[in-house]
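Reviewing the structure listed below.
One-based numbering, in listed order, for ligands and for the atoms of each. Both backbone and side-chain heavy atoms feed into the values below; hydrogens, waters and symmetry mates do not.
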Amino acid sequence: MSLLEVANLTKSFPTGRNLLGRRTGWTHAVRDVSFTLDAGECLAVVGESGAGKSTVGRMVLRLVESDSGTVMFDGEDVLVAKPARLREMRRGMQMIFQDPHSSLDPRMMVLDAVVEPLIVHTDMDRQARRRRAEELLDKVGIGARYLGRYPAELSGGQLQRVAIARALTLQPKMIVCDEPVAALDVSVRAQVLNLLRDLQEELGLAYLFVCHDLALIEVIADRVLVMKSGGVVEAGTVEQIYTRPREDYTRELLDAIPVPVPRATRKA
Ligand SMILES: Nc1ncnc2c1ncn2[C@@H]1O[C@H](COP(=O)(O)OP(=O)(O)OP(=O)(O)O)[C@@H](O)[C@H]1O
Ligand SMILES: [Mg+2]
């Protein structure tokens with residue numbers, strides 16, 4: 001059994017309305033998508049804009065309700081879990097978004113942002129929470145001196161590190177990363193990618209790593225799921241996708257990679 005088993009996930013969104021207010025159409029954002037993710041593994045979900053990558057990631061965490069399909073996490077069906085159970089299950093599965101400026105509350109000090117999940121989910125006292133926050137900020141490489149700062153005082157890269165620390169507070173088994181470095185300066189992308197990879201190794205995390213840029217995933221992904229127009233085009237190991245893509249669409253994505261690739265150290 002894999003940590004995450006996704007089968008036949010499907011989602012349509014209503015598109016326009018006509019003058020009478022009736023729905024005029026539907027976007028098939030995700031159609032019949034299936035994949036698995038093992039504990040400690042990184043599966044990259046790649047494809048052009050609008051392919052349905054983010055919708056898949058959000059449906060897995062049930063931030064978006066799916067139309068049909070199943071999502072089994074750690075042997076339990078996420079899509080039918082009752083609210084209290086879902087809250088409990090969410091300790092094990094976290095999300096990191098593209099833009100840390102919008103995912104972190106600007107009025108919340110770094111300390112409060114990092115410990116908030118502990119307040120919601122545990123009965124740790126204030127001191128223990130602060131110690132945990134210090135330890136986590138240390139782990140993500142920005143240090144406890146940032147605990148009293150506000151998001152506006154931090155750079156994009158530092159903020160994403162805070163978002164990562166927050167995602168780690170409850171010791172999840174899996175993190176859905178939705179384009180976690182796309183909004184960052186090119187100069188810090190490789191650093192944050194390397195951090196994510198190091199954390200994955202140290203903590204045995206599984207990542208569902210949504211990314212439209214194939215150049216970024218080589219350092220972090222084990223396997224790749226290529227999506228187009230809501231469906232899966234092909235899936236394989238990073239090595240297979242890079243060297244022996246089966247589909248023209250994948251080849252086009254590879255051809256679009258600008259050289260040089262970011263100077264991140266390759267996955268061993
Ligand atoms: N909440 C929504 N309401 C209506 N349509 C949506 C919604 N979310 C996504 N869509 C549509 O579903 C399709 C897939 O969107 P999605 O955001 O999953 O793509 P993506 O692969 O993540 O793209 P990008 O690389 O631009 O982030 C798109 O056509 C999008 O317009
Ligand atoms: Mg997206």
Side-chain angles (χ1 to χ4, degrees), residues 4 6-18 21-35 37 42-71 78-79 93-104 156 159-160 163-164 167 174-184 186 189 192-193 196 207-218 220-221 223-236 241 245 247-258 261-262:
L4 178 71
V6 170
N8 312 107
L9 214 51
T10 296
K11 176 75 180 178
S12 296
F13 291 106
T15 47
R17 286 173 190 274
N18 64 16
R22 295 213 178 93
R23 302 281 189 211
T24 52
W26 295 82
T27 307
H28 296 283
V30 174
R31 23 180 145 205
D32 207 21
V33 167
S34 305
F35 60 88
L37 175 67
C42 176
L43 175 69
V45 182
V46 304
E48 67 199 348
S49 185
K53 309 178 298 292
S54 297
T55 305
V56 167
R58 293 198 182 112
M59 280 195 287
V60 163
L61 300 184
R62 234 173 112 185
L63 301 174
V64 167
E65 293 288 340
S66 56
D67 294 339
S68 60
T70 54
V71 175
V78 177
L79 303 189
M93 37 188 205
Q94 297 288 320
M95 181 143 187
I96 300 168
F97 296 91
Q98 174 169 339
D99 183 5
H101 291 281
S102 52
S103 63
L104 293 170
L159 278 183
Q160 197 59 307
I164 293 168
M174 175 184 78
I175 302 181
V176 175
C177 306
D178 192 348
E179 312 254 12
V181 301
L184 305 181
V186 175
R189 278 185 194 168
V192 173
L193 266 184
L196 284 169
Y207 290 147
L208 187 62
F209 196 91
V210 170
C211 189
H212 68 270
D213 187 351
L214 264 174
L216 292 179
I217 60 161
E218 196 184 5
I220 194 156
R223 286 187 301 125
V224 184
L225 190 76
V226 182
M227 284 187 70
K228 184 191 179 185
S229 311
V232 175
V233 172
E234 72 172 298
I241 293 287
E247 301 294 327
D248 289 342
Y249 179 70
T250 309
R251 221 162 282 134
E252 283 166 30
L253 289 178
L254 288 167
D255 287 344
I257 296 180
V261 262

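When all heavy atoms are compared, the tightest approach of M95 to R58 is CE-CG, 4.3 Å.
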Derivation and outcome, side-chain hydrogen bond (donor to acceptor under 3.5 Å, both in side chains), residues E48 and H212: CA-CA 6 Å; E48 67 199 348; H212 68 270; over 6 Å; no
I'd like to know whether T10 forms a side-chain hydrogen bond (donor to acceptor under 3.5 Å, both in side chains) with D67, so could you lay out the CA-CA distance, the side-chain angles of the two residues, the decisive distance to 0.1 Å, and finally the verdict. CA-CA 6 Å; T10 296; D67 294 339; over 6 Å; no
Given the rule in the side-chain contact (heavy atoms from CB on, under 4.5 Å) test, do F35 and V56 qualify, once you have shown the distances and angles that lead to the verdict? CA-CA 11 Å; F35 60 88; V56 167; 3.7 Å; yes
Test side-chain contact (heavy atoms from CB on, under 4.5 Å) on M93 and I175 and set out the steps. CA-CA 6 Å; M93 37 188 205; I175 302 181; over 6 Å; no
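Using modelled atom types, one side-chain atom of R31 and one backbone atom of S229 make a donor-acceptor pair closer than 3.5 Å. Of the possible polar contacts, one joining the R189 side chain to the L184 backbone as a donor-acceptor pair under 3.5 Å is found.
The only option from V46, V232, V45 that meets the side chain to side chain contact (heavy atoms under 4.5 Å, CB included) definition with V226 turns out to be V46.
Protein atoms of type N, O or S found under 2.8 Å from the Mg ion (ligand 2) total 1.
Between L61 and M174 the shortest side-chain heavy-atom distance falls below 4.5 Å.
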In a simple table, one pair per line, please give the protein and ligand 1 atom names for every N or O pair closer than 3.5 Å, along with the distance.
| residue | atom | partner | partner atom | Å |
| --- | --- | --- | --- | --- |
| ligand 1 | 18 (O) | T55 | N | 3.0 |
| ligand 1 | 18 (O) | T55 | OG1 | 2.5 |
| ligand 1 | 19 (O) | G52 | N | 3.3 |
| ligand 1 | 21 (O) | A51 | N | 3.1 |
| ligand 1 | 21 (O) | G52 | N | 3.0 |
| ligand 1 | 21 (O) | K53 | N | 2.9 |
| ligand 1 | 21 (O) | K53 | NZ | 2.8 |
| ligand 1 | 22 (O) | S54 | N | 2.9 |
| ligand 1 | 22 (O) | S54 | OG | 2.8 |
| ligand 1 | 23 (O) | G50 | N | 2.8 |
| ligand 1 | 25 (O) | K53 | NZ | 2.8 |
| ligand 1 | 26 (O) | S49 | OG | 2.5 |

